[in-house]
Amino acid sequence: MLLDCLIPRDLSPASQNEGSTLLHNLFMQIHLERRVARSLGWRGFLPSNAGKFSWTMRLANSDLVYGIVFDGEEYDDEAIASTCSLYAFPVEDTTLSYLTEDMKALYENDAHIPKIRELSKYVEEFEDFRVGTLSLIFRRDKEGFNLSMRTAKRNPRFTERPMRPARMLSALFAALYHSFAEVFKTEGRLHVLKSRAAPDRNNYFIEAEFGLSVFEDEEEDTGSDFISLKAPPLSYRPDEIDLAEQPLIHILCGFLGSGKTTFLQNWLNFLHTRERFTGVIQNEFGDIDLDTALIGDETCVEALNDGCVCCSLSDSLRPGILRLIESTPADQMILETTGLANPDNVVHSLEELSDICKIGLVVSVADAPNLISHPEYLGDKLRKAQIERADVLIISKVDLVCDNSLEGLVHSLRAMNKKALIVISANGNANFAALDHFFNLWIDKKYGLFTSRKHNPGEDTMLLSNAGFAMKPGASVYETCSVMLGEPVELDQIETIIRQSGRKIFRAKGIVDVREKGCCEVQYTDGMLTVSEAREDLLACNRWLTIIGKGLKPQAGSTAIRKQKCL
């Protein structure tokens with residue numbers, strides 16, 4: 001029977017809502033297969049049953065968050081008819097101008113995001129965003145199923161063409177149609193109502209029939225009121241990335257202390273609020289996984305702390321990626337490299353893992369105060385490689401510089417990389433909607449468009465051998481050590497430890513008990529020491545201070561100094 005793949009039992013509408021069961025089982029079945037979900041255009045979904053049954057979701061070919069709320073169902077001896085309300089929420093900054101003032105008021109702060117995620121509790125508050133109706137009608141013998149959508153072609157609440165209800169909802173109906181066709185293993189019979197036949201010319205109605213006819217008169221010719229379609233409007237067309245089994249891995253790089261981890265935290269928060277759950281691989285020096293702990297509880301993190309991923313982790317990167325693939329259904333991951341990693345070499349190493357992953361965007365974080373104070377750093381070999389290799393350039397800490405200086409830095413970075421998207425970041429926050437939009441456009445275009453897709457070996461490129469990465473002469477040598485601080489210390493003691501640890505200290509970070517402050521997160525970069533209260537979940541971390549630099553000197557209670565190479 002047609003519906004057995006979704007409801008493998010007898011239908012019991014008297015005791016439960018079969019329409020919500022059918023819809024939920026469809027979403028679960030589709031999203032358990034990451035490749036199938038991607039190829040159909042799904043980019044994440046989230047169920048909610050705090051009030052009515054509801055689901056929110058994203059699609060690859062739309063900048064909207066969609067909501068489906070189950071309203072109820074009726075039944076007789078022959079069929080069951082379920083009705084759902086359809087909602088559409090803009091998330092891109094550019095689309096907010098299309099809304100009425102009352103609708104914009106709901107977007108004045110971030111409170112609307114968790115409310116959308118729990119749509120079942122806030123259906124009345126979001127009434128203005130309800131733009132259509134979805135009907136699911138299926139035979140009691142489970143041999144036939146009808147899916148239909150009714151909406152308006154125009155709505156006075158939406159004044160611009162991209163926000164017309166029929167256009168907004170077409171992508172959602174197409175994704176639902178193709179998802180049912182996927183699980184039923186058969187195409188449906190599609191019809192759309194002609195405009196001239198509708199009592200109201202503003203009415204838009206589209207339906208799809210699977211299996212046997214649901215309605216008794218369906219065997220008669222549908223007549224001139226309907227037009228037959230081969231596929232729903234705005235159907236998603238998958239590309240080779242969608243059809244691949246491998247997840248995409250974005251490369252996040254930037255020199256020591258540029259603010260990569262803070263930016264990553266906020267980026268992940270943005271992605272997760274839009275149901276785009278993401279795994280993280282963090283590559284750091286030292287004996288403590290501080291950055292891994294800082295990411296939080298909602299992200300699956302794989303820590304690689306044996307050295308620089310582009311130099312010495314050829315053996316551990318593969319199993320790390322495989323562990324993430326096994327532990328999370330995320331279709332994308334972010335590899336946060338050490339500040340000493342050359343992205344050109346990281347790209348090369350990931351190319352060698354093409355059997356388990358695909359390379360995503362190269363995102364480089366540039367420290368605005370540091371580069372403005374020391375413009376000569378732009379000529380540094382490593383910083384230059386991080387800037388020129390980027391698909392996206394994040395200019396961090398702009399809240400610490402003046403507008404004129406920032407304008408000059410943007411001009412310099414643009415001269416070094418004319419193709420990258422440049423995003424301004426203050427306190428780790430940025431226009432993540434622009435970054436997400438850029439990523440959606442990129443992933444759905446031809447694979448091979450941006451610089452990170454093509455690796456052109458140069459003089460400084462790592463050479464692979466059967467034993468792993470072979471280092472060429474002249475590679476930079478960085479040293480790391482970690483100082484155990486079992487007892488509470490004064491702030492000046494921390495400064496003394498850092499100052500006495502070597503002639504050239506690039507970075508220091510750790511979790512330390514500071515007198516009169518308690519457990520604190522300590523960060524040192526560019527001669528500046530910052531101390532902030534540690535989160536509650538970091539209290540269980542060991543008290544270590546990891547130091548990265550050159551010419552390090554052993555301190556009392558420190559681990560052995562390790563030398564690690566990075567081009």
Side-chain angles (χ1 to χ4, degrees), residues 241 244-256 260 264 278-286 289 291-292 301-326 330 332-365 381-392 447-448 450-478 480 548 562-567:
I241 299 177
E245 295 287 349
Q246 303 94 333
L248 274 171
I249 296 186
H250 304 302
I251 300 167
L252 178 61
C253 58
F255 203 73
L256 295 166
K260 293 188 303 298
L264 177 59
T278 304
V280 172
I281 303 171
Q282 286 197 308
N283 174 215
E284 54 184 325
F285 287 116
D289 300 330
D291 291 347
T292 300
V301 181
E302 182 71 29
L304 307 175
N305 60 0
D306 297 327
C308 178
V309 71
C310 68
C311 305
S312 58
L313 288 182
S314 56
D315 293 330
S316 58
L317 184 55
R318 176 181 289 274
I321 293 174
L322 291 175
R323 283 193 295 269
L324 265 184
I325 292 174
E326 184 177 353
Q332 65 178 354
M333 302 176 186
I334 299 173
L335 169 58
E336 182 189 6
T337 68
T338 72
L340 307 175
N342 186 325
D344 194 47
N345 300 326
V346 180
V347 168
H348 194 184
S349 66
L350 287 177
E351 286 176 339
E352 296 299 319
L353 302 175
S354 60
D355 59 315
I356 61 171
C357 67
K358 294 283 188 181
I359 304 170
L361 297 172
V362 174
V363 181
S364 293
V365 180
K381 182 179 180 181
L382 180 55
R383 286 185 174 90
K384 185 178 180 182
Q386 292 176 345
I387 293 169
E388 293 179 343
R389 197 60 158 128
D391 296 321
V392 179
Y447 191 64
F450 291 93
T451 56
S452 61
R453 316 262 68 67
K454 302 172 183 177
H455 178 73
N456 299 315
E459 294 181 356
D460 62 347
T461 299
M462 293 297 175
L463 301 177
L464 283 175
S465 66
N466 292 334
F469 287 101
M471 299 301 301
K472 293 187 67 177
S476 299
V477 177
Y478 295 88
T480 68
I548 306 170
R562 294 189 297 173
K563 294 186 176 182
Q564 293 162 333
K565 297 179 178 180
C566 185
L567 289 184

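In what follows, every heavy atom counts, from backbone to side chain, and hydrogens, waters and symmetry copies are set aside.
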Pairwise distance [atom1]([X]) to [atom2]([Y]) - rounded to 0.5 angstrom:
{"X": "Asn342", "Y": "Ser349", "atom1": "CG", "atom2": "OG", "answer": "10.5 Å"}
{"X": "Cys253", "Y": "Asn345", "atom1": "SG", "atom2": "CG", "answer": "11.0 Å"}
{"X": "Asp344", "Y": "Ile251", "atom1": "CG", "atom2": "CD1", "answer": "9.5 Å"}

**OP:** Report the C-alpha distance between Val362 and Val392 in whole Å, list the side-chain angles of each, state the deciding distance to 0.1 Å, and finish with yes or no for side chain to side chain contact (heavy atoms under 4.5 Å, CB included).
**Re:** CA-CA 6 Å; Val362 174; Val392 179; over 6 Å; no
Would you name the heavy atoms of [X] and [Y] that are closest together and state the gap between them?
{"X": "Arg383", "Y": "Phe255", "value": "NH2-CD2, 3.1 Å"}
{"X": "Ala341", "Y": "Leu382", "value": "O-CD1, 3.5 Å"}
{"X": "Leu264", "Y": "Val280", "value": "CD2-CG1, 4.1 Å"}
{"X": "Glu352", "Y": "Arg318", "value": "O-NH2, 3.8 Å"}
{"X": "Asp391", "Y": "Gly360", "value": "OD2-O, 4.2 Å"}
{"X": "Arg389", "Y": "Pro343", "value": "CB-CG, 3.7 Å"}

Subject >> Any Leu353 side-chain heavy atom under 4.5 Å of Ile249 side chain >> reply: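 Sidechains of Ile249 and Leu353: no contact.
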Original post:
Are Cys357 and Leu350 close enough that some pair of their side-chain heavy atoms sits under 4.5 Å apart?
Top reply: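 Yes, at least one pair of side-chain atoms sits under 4.5 Å.
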Original post:
So, the side chain of Lys260 versus the backbone of Gly254: is there a donor-acceptor pair under 3.5 Å, distance only?
Top reply: yes
**OP:** Test Thr337 against Leu252 for side chain to side chain contact (heavy atoms under 4.5 Å, CB included), laying out the working first.
**Re:** CA-CA 6 Å; Thr337 68; Leu252 178 61; over 6 Å; no
Subject >> Evaluation steps, side chain to side chain contact (heavy atoms under 4.5 Å, CB included), between Ile321 and Ile281 >> reply: CA-CA 8 Å; Ile321 293 174; Ile281 303 171; 3.5 Å; yes
Original post:
Between the side chains of Gln386 and Ser364, does any donor sit under 3.5 Å from an acceptor?
Top reply: no
**OP:** Decide yes or no on side chain to side chain contact (heavy atoms under 4.5 Å, CB included) for Gln332 and His250, but give the supporting numbers first.
**Re:** CA-CA 8 Å; Gln332 65 178 354; His250 304 302; 3.0 Å; yes
